[in-house]
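Let me begin by presenting the structure, written as structure tokens, before commenting on it.
All values reported here derive from a predicted model rather than from experimental measurement. The chains referred to below are lettered A, B, ... by the order of the sequence lines, with proteins before strands, and numbering in each begins at 1.
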Amino acid sequence: MQAAPLDNPRYYLANFDTLIDWVCQCHADLLTEAERATVDAITRLPDASRALLVRLLMRKGDHFERSQLHYPEIGAIEAACQPLITPLADSATPDGLCRHNADLSLDEMLALVTLPRLRAAFAELPRSTPKRRMHDAISELLGDVTPRPLPAWLNDPAADTLSVGLGELSRRLSLMFFGNLRQNLSDFVLSELGLLRCETVALSPASRAFTHRWEVDRYLALEQLREDWQQASERLDRTANAELERHWQRIVAALDATASAAANELHSEPSATHQLTDAHATGGRAIDDRANAWLAQRRDRLRFSLARDAERQGWHQAAARQYACLEDSAYAPRAMPRRVRALELSGDISAAHALASERLARAEITLDEQLALERALPRLCRGLGLPAPRRARAPTTPQIALTVPDLATSAADGIHGVERAAAHALATPEAPVFYVENGLIPALFTLLCWEVLFAPLPGAFFHAFHTGPADLYRPDFVSRRQAAFEACFARLKDESYRTVIRERHQQKQGIQAPFVHWELLSEELLNHALDCIPPAHLEACFRHLLANPREHRAGLPDLIQFFPEHSSDRYRLIEVKAPTDRLQDNQRQWLALFARHAIPALECRVEWLSATEASADECSRHKAPPAS
DNA sequence: GGGTAACAAG
DNA sequence: TTCACACCATCTC
DNA sequence: GATGGTGTGTCTCTTGTTACCCAC
Ligand SMILES: [Mn+2]
Ligand SMILES: [Mn+2]
């Protein structure tokens, strides 16, 4: 499987055929007979017709005016259209793959027609009517806005249209191939252009994105709910809160339907030769957390997002109820503090206090949840008239002050951003500073564990355009690779880790990988890091990253400074804070880890030096390395 | 006619 | 389909 | 000073074309 060369005028058709072939080879049993009939019809189309179909599929929307379609490599559109609009009995598309002059809603028509043509077609309207007013204006003018073909809308017999009629099938095929809805056929092109370089991983038909049709159904259903909500909130936000809330309730109810226990059908997957039942085809089956933990996680993620939106709308009780559903999910460390806050704002401070206390009393509490709850607890105690718990939280992270020229002055010198200004002020020839944020330590992890991350485990890689294992953020990612990760970390006990990291840096340069930003990872930076950071420190950071890759991939300090000439404390991590800024939760988590492992980190509080007081003396006050 | 965003495409 | 920061309001000491 | 909340600029590959809107 690989992208077609771009000197092929129909490169996109070749890519599409590759996708379809792979899906049919690996996922044929996840399609209904009707869908397979449609796919077969597509593959049997004349090349010109299939090329036109692909061109349309890759464009936005389903409806196109035929006279606007110009593709030299396809030729006559008229001829290419005919096979597309031929009815297909017993397929998922009985009316054909495309439709000729399909009925268009008013909005669909407006999306197709430019303003000058609208003004010509509806000459009764004021000439100055902007397009955004056209929907209402035409509605008032005509009264009846029943969907109708474009020639009827415009009273122009020449305005023929062609509409893609594949419905959800094209999304479904793309989802089954890529395992997500974010990637599409353009990834083939990016790959061929060299802009998307992916690691080569052995693929086998046994390794595929989905193993059951209901998994695809649920994925699509969840995504549909997310889009429905997004569309509703964009349309109704700040204008129709009651209606918006009804939409929200409907979405949540649909989510609950997928969460209810109904695992009894799990092992009744019909064979590939049998027609699927309606229940299967419509996706009316619940997600079983044990059967598919990652779909359950996607559902929980959507629930969390919906609850956050409910909070923003002020629906605190409703939000709290949704957060409560996440108590046993992977999102509990984020959801429980939000639940506390929602309870608090809904007026039930005692419930908020009780929940916060109960969560904080747990032995297995994660650091991020603990930090968030500890911040809320004193406020809740005050609200209940209880004595505030002791806050013996001495600042475990040392701070330094630094005065630098203000941003306008720095920008004039080509230094943009407070982090770069601080880096410039702190750096010396003996102690270089790099602005790395999340680009160094997680990248070193990836380089050390490259083989583990790109190991061809089932379900991890299933096409040629992966930027990392598909299950990286799924609950069992580490446990499936535990022994292999330990073997990598064992290299930190001898000296071999340096060789491995340097080799990967050389060999894999430019290949997309999780946590790696190649443009940041210069040879010089790498050498300093391997020279100055003790492997025990790296191991502590790597294990923290693995403890929760999604939550811990960010929050590392802005700068790293190396002291190659020193014999101890040969580096330090520096979080730069402008006067208007303060530590964020994920930054505090990392700083807590650094304190726990005696990793040298500090907070650098920046103050502005006005241009009139500027002097080299002031700027260089705090360059001294940390005292040891 | 300028400024901007969306879109198509390699 | 992100991340970090700037800015604002509020509360407390 | 601490905290919670919200908005913003930066990213997603780059480039050329078109459509829209607004100010003149
Ligand atoms: Mn930063
Ligand atoms: Mn910072």
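Each of A:R359, A:R339, A:R334 was checked for a salt bridge (charged side-chain N to carboxylate O under 4.0 Å, His left out) with A:E369, and the lone residue meeting it is A:R359. Of the residues listed (A:R299, A:R298, A:R172), the one engaging A:E223 in a salt bridge (charged side-chain N to carboxylate O under 4.0 Å, His left out) is A:R298, and it is the only one.
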Counting primed atoms plus P, OP1 and OP2 as sugar-phosphate and everything else as base, spell out the protein contacts along nucleotides 6-13 of chain C at 4.0 Å heavy-atom distance: B, S or - for each nucleotide, 5' to 3'. SS----S-
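When heavy atoms are screened at a 4.0 angstrom cut-off, A:Y71 is found touching the sugar-phosphate backbone but no base atom. Contact annotation for A:L115: backbone-only contact, meaning every heavy-atom pair under 4.0 Å involves sugar-phosphate atoms and none involves a base.
Not counting sequence neighbours, the partners of A:E73 by the side chain to side chain donor-acceptor pair (under 3.5 Å) test are A:Y12, A:R55. In this structure, the side chain to side chain donor-acceptor pair (under 3.5 Å) partners of A:R117, at least two apart in sequence or on a different chain, are A:E65.
Rounded to whole Å, atom C1' of C:dC5 lies 14 Å from atom CZ of A:R420.
Between A:R341 and D:dT3, a side-chain N or O to OP1/OP2 separation shorter than 4.0 Å is absent. Within the structure, every side-chain polar atom (N or O) of A:R550 is placed at least 4.0 Å from both OP1 and OP2 of C:dC3. Phosphate contact (OP1/OP2 of C:dC5, side-chain N/O of A:K577, threshold under 4.0 Å): present. Note on A:N586: a side-chain N or O is less than 4.0 Å away from OP1 or OP2 of C:dA4.
Between D:dC21, D:dT3, C:dA4, one nucleotide has an atom nearer to the side chain of A:E437 than all others, and that is C:dA4. Here the nucleotide nearest the side chain of A:R55, chosen from B:dA9, D:dC20, C:dC3, is B:dA9.
Mapping A:D558 and A:N180 onto DNA chain C by nearest heavy atom places A:N180 closer to the 5' end of the strand.
A cation-pi arrangement is not found for A:R553 relative to A:F515, the charged atom failing to lie both closer than 6.0 Å to the ring centre and inside a 45° cone about the ring normal.
The backbone N or O of A:Y435 lies less than 3.5 Å from no partner atom in the side chain of A:D558, so there is not a single donor-acceptor pair.
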